[in-house]
Amino acid sequence: MSRVPFLDLSRQSSRLKEEVLRAIGNVIDDNAFSSGPYVESFEREFASYLGAKHVVAVNSGTSALHLIMRALNIGPGDEVIIPSWTFIATAWAPVYVGAKPVFADIDPETWQIDPEDVERKITDRTRAIIGVHIYGQVFDVDRLGEIARRRGIYLVEDAAQSHGALWKGKKTGTHGVAGAFSFYPTKNLGSMGEGGAVSTDDGEMASRIRMLRNHASPRRYEHVDVGYNMRMTGFQGAVLSIKLRYLDAWNNRRREIARMYREGIRSPFVEFQKEYPGSAGVYHIFAVRVRDRMRDGLREHLSRRGIGTGIYYPIPVHLQKPFREMGWREGDLPETERLSGEILALPMFPEMTDEEVKRVIDAVNDFEG
Ligand SMILES: Cc1ncc(COP(=O)(O)O)c(C=O)c1O
């Protein structure tokens, strides 16, 4: 029997190949290789899609987060609260600017940053919270927004996994002072290379980020700050404009697959991620919690049935070497640490067939422990 891959990007790429080759041909004809009109068009289209006043395209999600820290003038002596249940790039952002990352635990049911733990960890040095919409589901935007306002600190959204997800009808990336997006190829909206973007309604912030991404250069060969080369390439701008047109359809298919999993999987070992009322996630990853130390057994069972799975994330960020060296230890974030031993991601990509989804469901239901 054929395998059910964890992710098969080639099904999407091959369908778009002709369209993409034409667009790339235009970029070549126009010599628009770095920044330029194709990137600017994508910025306008993505801003309009999000309902944000400004989008600044950059070369990765990691750069987007870094530039947001710079634009907020966060630096040495400052603290930034982040979840440890995320991809490591969220935690690099404060570190890159010399600030201290302070990890908050997650809610055991939604697996999102726990507002109560955030509140406990705020000190008079805290300048910002970076919430992460983990797996494309949405964190409690209202509560984190309220905490940020009351304590006079910034709320930044790491929306690298949540392109198109909604909180009360409004897209993620538009709720805080700024949002960071990644267009890594496997993301819901992926480039064919690397890419990222910052969304914001604050015009001054957008201009500052635009300048910083291009060597802090308002005019050619004049540099007014320490800047970077974090520009997006023209090819990626052109590819992203094409893919953006399909994003809602892809997200709807992801939701349909998630609904099939939620309705079809009946296993005493499996628990699903809960969603906050008022949110509509986009299932970048469909992960389940596998109880009773059965995670590795279920993974093995699925692998024997030819079904690919993934573990996001086997080592929580606070227990990675650079953060251990800052003093973080086992036991600091009990819910995060427990989940990392129990999490298992099932195949999830819009081009999966119903038959493949059904095979995954049947295989999970057949697992006896
Ligand atoms: C939550 C999160 N934040 C940040 C990033 C960093 O994005 P990039 O890989 O584009 O630098 C990613 C993805 O890779 C991510 O999943």
Side-chain angles (χ1 to χ4, degrees), residues 7 9 39 42 46 55-70 80-97 101 103-104 106 110-113 128-139 141 144 155-165 172-173 175-176 178-199 209 213 228-233 235-237 239-240 243 254 273 281-287 310-318 320 322-323 336 339-340 343 345 348-349:
L7 170 67
L9 210 50
V39 173
F42 170 67
F46 196 48
V55 161
V56 185
V58 292
N59 59 350
S60 72
T62 307
S63 298
L65 287 162
H66 184 175
L67 288 174
I68 293 170
M69 295 291 101
R70 281 292 311 275
V80 177
I81 299 181
I82 54 175
S84 169
W85 194 244
T86 180
F87 180 64
I88 198 151
T90 317
W92 294 146
V95 175
Y96 287 163
V97 295
F103 294 100
I106 47 170
T110 61
W111 312 344
Q112 303 282 358
I113 189 167
I129 305 163
I130 308 178
V132 178
H133 300 294
I134 197 73
Y135 302 152
Q137 307 312 102
V138 186
F139 64 69
V141 170
L144 282 186
L155 174 63
V156 173
E157 291 176 88
D158 182 336
Q161 303 185 357
S162 68
H163 319 69
T172 56
H175 297 276
F181 289 87
S182 163
F183 306 120
Y184 185 74
T186 58
K187 295 293 196 270
N188 290 33
L189 179 61
S191 64
M192 290 183 169
E194 302 279 351
V198 176
S199 55
I209 289 179
R213 82 172 161 181
Y228 311 89
N229 173 1
M230 293 181 173
R231 296 179 299 252
M232 178 177 273
T233 65
F235 284 166
Q236 300 316 327
V239 167
L240 286 163
K243 287 205 182 184
R254 286 176 185 271
Q273 182 181 15
V282 289
Y283 295 97
H284 170 56
I285 285 170
F286 190 93
I311 295 180
Y312 301 82
Y313 300 89
I315 306 171
V317 176
H318 71 288
Q320 300 283 355
F323 301 100
T336 299
L339 191 58
S340 79
I343 201 80
M348 168 58 84
F349 53 100

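Both counts, for ligands and for their atoms, begin at 1 and track the order of listing.
Counting atoms of ligand 1 from 1 in the listed order, those under 4.0 Å from a heavy atom of Ala89 are 4 (C), 5 (C), 6 (C). Remark: ligand 1 atoms within the under-4.0 Å shell around heavy atoms of Gly61 are 7 (O), 8 (P), 10 (O), 11 (O). Distances below 4.0 Å separate heavy atoms of Ser60 from the following atoms of ligand 1: 10 (O), 11 (O). Near Thr86, the atoms of ligand 1 lying under 4.0 angstrom from a non-hydrogen atom of the residue are 1 (C). Which parts of ligand 1 touch Thr90 is read off a 4.0 Å heavy-atom cut-off, strictly below it: atoms 3 (N).
For ligand 1, none of its N or O atoms has an N or O atom of Val132 under 3.5 Å away. Note: an N/O pair closer than 3.5 Å links Asp158 and ligand 1 by distance alone. Considering backbone and side-chain N/O atoms, Tyr184 never comes within less than 3.5 Å of an N/O atom of ligand 1.
Here the protein heavy atom with the shortest distance to atom 9 (O) of ligand 1 is Ser182 OG, 3.9 Å. From the protein, the heavy atom lying nearest to atom 11 (O) of ligand 1 is Thr62 OG1, 2.4 Å. For atom 13 (C) of ligand 1, the closest non-hydrogen atom on the protein side is Lys187 NZ, 2.7 Å. Nearest protein heavy-atom neighbour of atom 15 (C) of ligand 1: Ala160 CB, 3.5 Å. What sits closest to atom 16 (O) of ligand 1 on the protein, heavy atoms only, is Gln161 NE2, 2.9 Å.
Relative ring orientation between Phe181 and Phe46 is described as perpendicular, the plane-to-plane angle rising above 60° on a 0-90° scale split at 30° and 60°. Using the six-membered ring where Trp is involved, Phe139 and His133 have ring planes that are parallel, under 30° apart on the 30 and 60° scheme. The aromatic rings of Trp85 and Tyr313 sit perpendicular, their planes meeting at an angle over 60°, well past the 30° parallel limit.
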Tyr96/Tyr228 under ring pair (Phe, Tyr, Trp, His ring centres under 6.0 Å): CA gap, chis, key distance, verdict: CA-CA 13 Å; Tyr96 287 163; Tyr228 311 89; 8.9 Å; no

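The shortest heavy-atom contact between Ser84 and His318 is OG-ND1, 2.8 Å. Here the closest non-hydrogen pair linking Val39 and Thr233 is CG2-O, 3.5 Å. When all heavy atoms of Gln161 and Asn188 are compared, the closest pair comes out as O-OD1, 4.4 Å. Closest of all the heavy-atom pairs between Ile129 and Leu144 is CD1-O, 4.4 Å. For Ala91 against Pro101, the heavy-atom pair with the smallest separation is O-CB, 4.5 Å.
Heavy atoms of Glu194 stay at 4.0 angstrom or farther from ligand 1. In this structure, Gly195 is part of the shell of residues with a heavy atom less than 4.0 angstrom from ligand 1.
Of the candidates Val56, Thr62, Val97, Ile209, Leu67 forms a side chain to side chain contact (heavy atoms under 4.5 Å, CB included) with just one, namely Ile209.
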